[in-house]
Asker: 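Sharing a structure with you now.
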Amino acid sequence: MGTTGQPALPDVSSAPPPVVRGEPVEVSDGVFVIPDNRVPLVPNVGIVVGDRAALVVDTGLGRRNGAYVLEQARRLAGDRPLYLTMTHFHPEHGFGAEAFQDAATILYNRAQRDELHRKGAAYLDMFRGLAPGIAAELAGVEFTDPDVVYDGQVELDLGGHRAVLRSWVPAHTAGDQTVFVDDRVLFGGDLIETRMFPIFPPFDTDVDGHGWIAVLDQLSALAPAVVVPGHGEVTDAKLIREVRDYLDHVRGEAARLRADGASADDAAAAIDKAARNRWRTWANPEWIDFAARAFYAAAPPAS
Ligand SMILES: [Zn+2]
């Protein structure tokens with residue numbers, strides 16, 4: 001950790017297999033979530049069912065998960081046309097898209113598509129190295145290009161339900177996307193997690209904490225009634241402010257410590273210790289160190 005200058009990823013080697021399981025739960029009229037049940041590297045998967053079409057949000061990691069999500073979508077949507085989109089390119093969110101290749105119209109925003117092309121192979125290698133069970137789920141994965149690439153935002157009229165897909169400035173990734181259904185249900189991807197420290201992807205210089213805070217401010221302003229995080233329990237808009245408060249705390253401390261002349265290692269160690277104490281119920285404290293270093297790197301140096 002911070003004290004050694006050797007930050008470590010959360011250890012998932014003894015976690016349950018990263019498999020999307022269970023029945024979709026209706027969280028709002030026509031909006032279903034297959035909950036992650038807090039299993040590492042399983043996302044919350046969304047299925048929005050309109051009168052005319054249905055939209056799937058995220059697939060889970062690998063072919064088996066993608067096929068399971070497709071099966072659940074078909075069960076709910078019958079033979080309505082399907083759309084598929086991803087909150088961002090990370091493997092546990094989007095690397096099951098192959099299963100939908102001939103079954104759905106696939107949409108990504110431009111930055112997300114480009115980021116998948118740029119980094120998909122490196123993330124695949126990194127994830128395969130995490131544990132044999134994860135490598136097994138990723139066996140034979142092929143990257144899936146979208147049928148439709150959009151800039152800014154796009155609105156899908158599903159018949160009785162409307163989904164707005166919107167891209168943002170770089171934050172958790174360069175190509176984060178939210179899906180806002182009926183001005184009511186927000187799919188936030190990994191911009192928002194319930195009771196876990198926000199994930200700062202290591203060795204990835206596109207993660208932008210300042211951008212992230214700015215995006216969360218705009219998401220709060222949407223005042224969603226229901227918030228579906230990338231990971232963790234479905235909840236409400238209070239969660240957006242909680243995540244923002246944490247990021248703002250780390251930003252402030254990193255800037256203060258750097259201005260005082262602390263090294264990156266010392267700043268990360270101090271921030272790590274304080275945040276573990278303050279957010280005791282949050283999982284994956286390993287991410288604090290990465291967040292602290294990202295904010296430290298972005299802060300003005302001591303003068
Ligand atoms: Zn992610």
Side-chain angles (χ1 to χ4, degrees), residues 17-21 24 32-34 36 39-49 53-77 80-128 130 134-151 154 156 158 163 165-167 172-179 181 187-191 199 201 228 230-231:
V19 176
V20 179
R21 292 180 203 272
F32 298 81
V33 171
I34 308 176
D36 71 338
V39 175
L41 302 183
V42 172
N44 286 312
V45 171
I47 305 172
V48 184
V49 184
L55 168 67
V56 176
V57 182
D58 287 354
T59 63
L61 162 164
R63 288 175 165 175
R64 176 158 72 134
N65 283 319
Y68 179 77
V69 171
L70 175 59
E71 184 190 314
Q72 295 302 314
R74 278 280 167 241
R75 226 166 47 81
L76 291 170
R80 293 174 181 85
L82 295 180
Y83 294 99
L84 170 69
T85 197
M86 251 61 85
T87 56
H88 58 301
F89 86 100
H90 282 159
E92 84 273 30
H93 295 267
F95 283 19
E98 241 182 293
F100 286 80
Q101 218 150 24
D102 300 315
T105 303
I106 303 175
L107 303 97
Y108 303 161
N109 69 52
R110 187 173 305 279
Q112 184 185 351
R113 194 271 315 262
D114 294 349
E115 199 171 19
L116 175 65
H117 287 177
R118 222 166 48 241
K119 304 181 193 164
Y123 271 77
L124 188 56
D125 280 350
M126 177 169 73
F127 270 59
R128 280 178 171 151
L130 294 175
I134 294 162
E137 295 299 332
L138 286 167
V141 158
E142 284 175 25
F143 300 128
T144 304
D145 268 324
D147 302 301
V148 177
V149 174
Y150 75 91
D151 293 294
V154 67
L156 298 178
L158 304 173
L165 282 51
R166 180 165 173 187
S167 56
H172 172 69
T173 64
D176 295 308
Q177 171 185 268
T178 56
V179 178
V181 181
F187 289 88
D190 285 353
L191 294 165
I199 298 164
V228 184
H231 302 275

Asker: Would the distance check show the side chain of D125 and the main-chain N or O of A122 forming a donor-acceptor pair, the cut-off being under 3.5 Å?
Answerer: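 Checking the backbone N and O of A122 against the side chain of D125, no donor-acceptor pair under 3.5 Å is found.
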Asker: Checking side chain to side chain donor-acceptor pair (under 3.5 Å) against H90, which of E115, H172, K119 comes through?
Answerer: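 Checked E115, H172, K119 against H90; only one passes side chain to side chain donor-acceptor pair (under 3.5 Å): H172.
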Asker: Kindly compute the distance separating CZ (R128) from CG (L138), expressed to the nearest 0.5 Å.
Answerer: 6.0 Å
Asker: Could you name each residue pair satisfying salt bridge (Lys or Arg N to Asp or Glu O under 4.0 Å) that touches residues 86-96, not counting sequence neighbours?
Answerer: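 Qualifying pairs, neighbours excluded: none.
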Asker: May I ask you to decide if the ring planes of F127 and Y123 are parallel, tilted or perpendicular, using 30° and 60° as cut-offs?
Answerer: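 Plane angle between 30° and 60°, so tilted.
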Asker: Just do the side-chain contact (heavy atoms from CB on, under 4.5 Å) check on V57 and V228 with the steps written out, would you?
Answerer: CA-CA 11 Å; V57 182; V228 184; over 6 Å; no
Asker: From T59 OG1 over to L84 CG, what is the distance, rounded to the nearest 0.5 angstrom?
Answerer: 6.5 Å
Asker: For residues 57-72, which residue pairs pass the salt bridge (Lys or Arg N to Asp or Glu O under 4.0 Å) check, not counting sequence neighbours?
Answerer: R63-E98, R64-E137
Asker: Roughly how far apart are L76 CG and I47 CD1, rounded to 0.5 Å?
Answerer: 5.0 Å
Asker: Hey, which of L107, L191, N109 is the one that makes side-chain contact (heavy atoms from CB on, under 4.5 Å) with Q177?
Answerer: N109
Asker: Strictly distance-based, threshold 3.5 Å: is any side-chain N or O of H231 a donor or acceptor partner for the main-chain N or O of V42?
Answerer: yes
Asker: Does the side chain of V148 come within less than 4.5 Å of V154's, by heavy atoms?
Answerer: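 No, every pair of side-chain atoms sits at 4.5 Å or beyond.
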Asker: Test your reading of the model: is there a side-chain donor-acceptor pair from D36 to the backbone of G230, 3.5 Å cut-off?
Answerer: no
Asker: Kindly assign one of parallel, tilted or perpendicular to the pair H88 and H93, based on the angle between their ring planes and the thresholds 30° and 60°.
Answerer: tilted
Asker: Is the shortest heavy-atom distance from the side chain of N44 to the side chain of F187 under 4.5 Å?
Answerer: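 Side-chain contact under 4.5 Å: no.
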Asker: For the atom pair CG (L70) and CG (L82), what is the distance rounded to the nearest 0.5 Å?
Answerer: 6.5 Å
Asker: Of the non-hydrogen atoms in F100 and G66, which two are nearest, and what is the gap between them?
Answerer: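 Looking at all heavy atoms of both residues, the closest pair is CE1-O, 3.5 Å.
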Asker: Looking only at heavy atoms, what is the nearest atom pair of A111 and A174, with distance?
Answerer: CB-O, 3.5 Å
Asker: Please check this pair: side chain of N65 against backbone of P18, looking for a donor-acceptor N/O pair closer than 3.5 Å.
Answerer: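 It does hold such a pair.
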Asker: If you compare all heavy atoms of P24 against all heavy atoms of F32, which two are closest, and at what distance to 0.1 Å?
Answerer: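 Heavy-atom minimum between the residues: CB-CB, 3.9 Å.
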Asker: For the ring pair F95 and F143, is the centre-to-centre distance below 6.0 Å?
Answerer: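 Yes, the ring centres sit under 6.0 Å apart.
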Asker: By salt bridge (charged side-chain N to carboxylate O under 4.0 Å, His left out), which residues pair with R74, not counting sequence neighbours?
Answerer: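 Once residues adjacent in sequence are excluded, R74 has no partner under the salt bridge (charged side-chain N to carboxylate O under 4.0 Å, His left out) criterion.
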Asker: With sequence neighbours left out, which residue pairs that include part of residues 138-151 fulfil the salt bridge (Lys or Arg N to Asp or Glu O under 4.0 Å) condition?
Answerer: R110-D151
Asker: Looking at OH of Y108 and OG1 of T85, how far apart are the two atoms once the value is rounded to the nearest 0.5 Å?
Answerer: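 Those atoms lie 8.0 Å apart.
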Asker: Could you check if a side-chain atom of L55 sits within less than 4.5 angstrom of a side-chain atom of L165, using non-hydrogen atoms only?
Answerer: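 In contact.
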Asker: For V49 versus A77, what's the shortest heavy-atom pair and its separation?
Answerer: CG1-CA, 4.3 Å
Asker: I199 and P201: which non-hydrogen atoms are nearest, and at how many Å?
Answerer: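 So the minimum-distance heavy-atom pair works out to O-CD, 3.4 Å.
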Asker: Can you tell me how far CZ of F89 sits from CZ of R118, rounded to the nearest 0.5 angstrom?
Answerer: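 So the CZ of R118 and the CZ of F89 are separated by 8.0 Å.
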Asker: For R21, check side chain to side chain contact (heavy atoms under 4.5 Å, CB included) against everything at least two apart and list the hits.
Answerer: P17, V19
Asker: Does the Q112 side chain pair with the main chain of M86, one donor and one acceptor, at a distance under 3.5 Å?
Answerer: yes
Asker: Of the non-hydrogen atoms in A67 and A99, which two are nearest, and what is the gap between them?
Answerer: N-CB, 3.6 Å
Asker: Of all residues at least two apart in sequence or in a different chain, which pass the side chain to side chain contact (heavy atoms under 4.5 Å, CB included) check with P40?
Answerer: V12, A15, P16
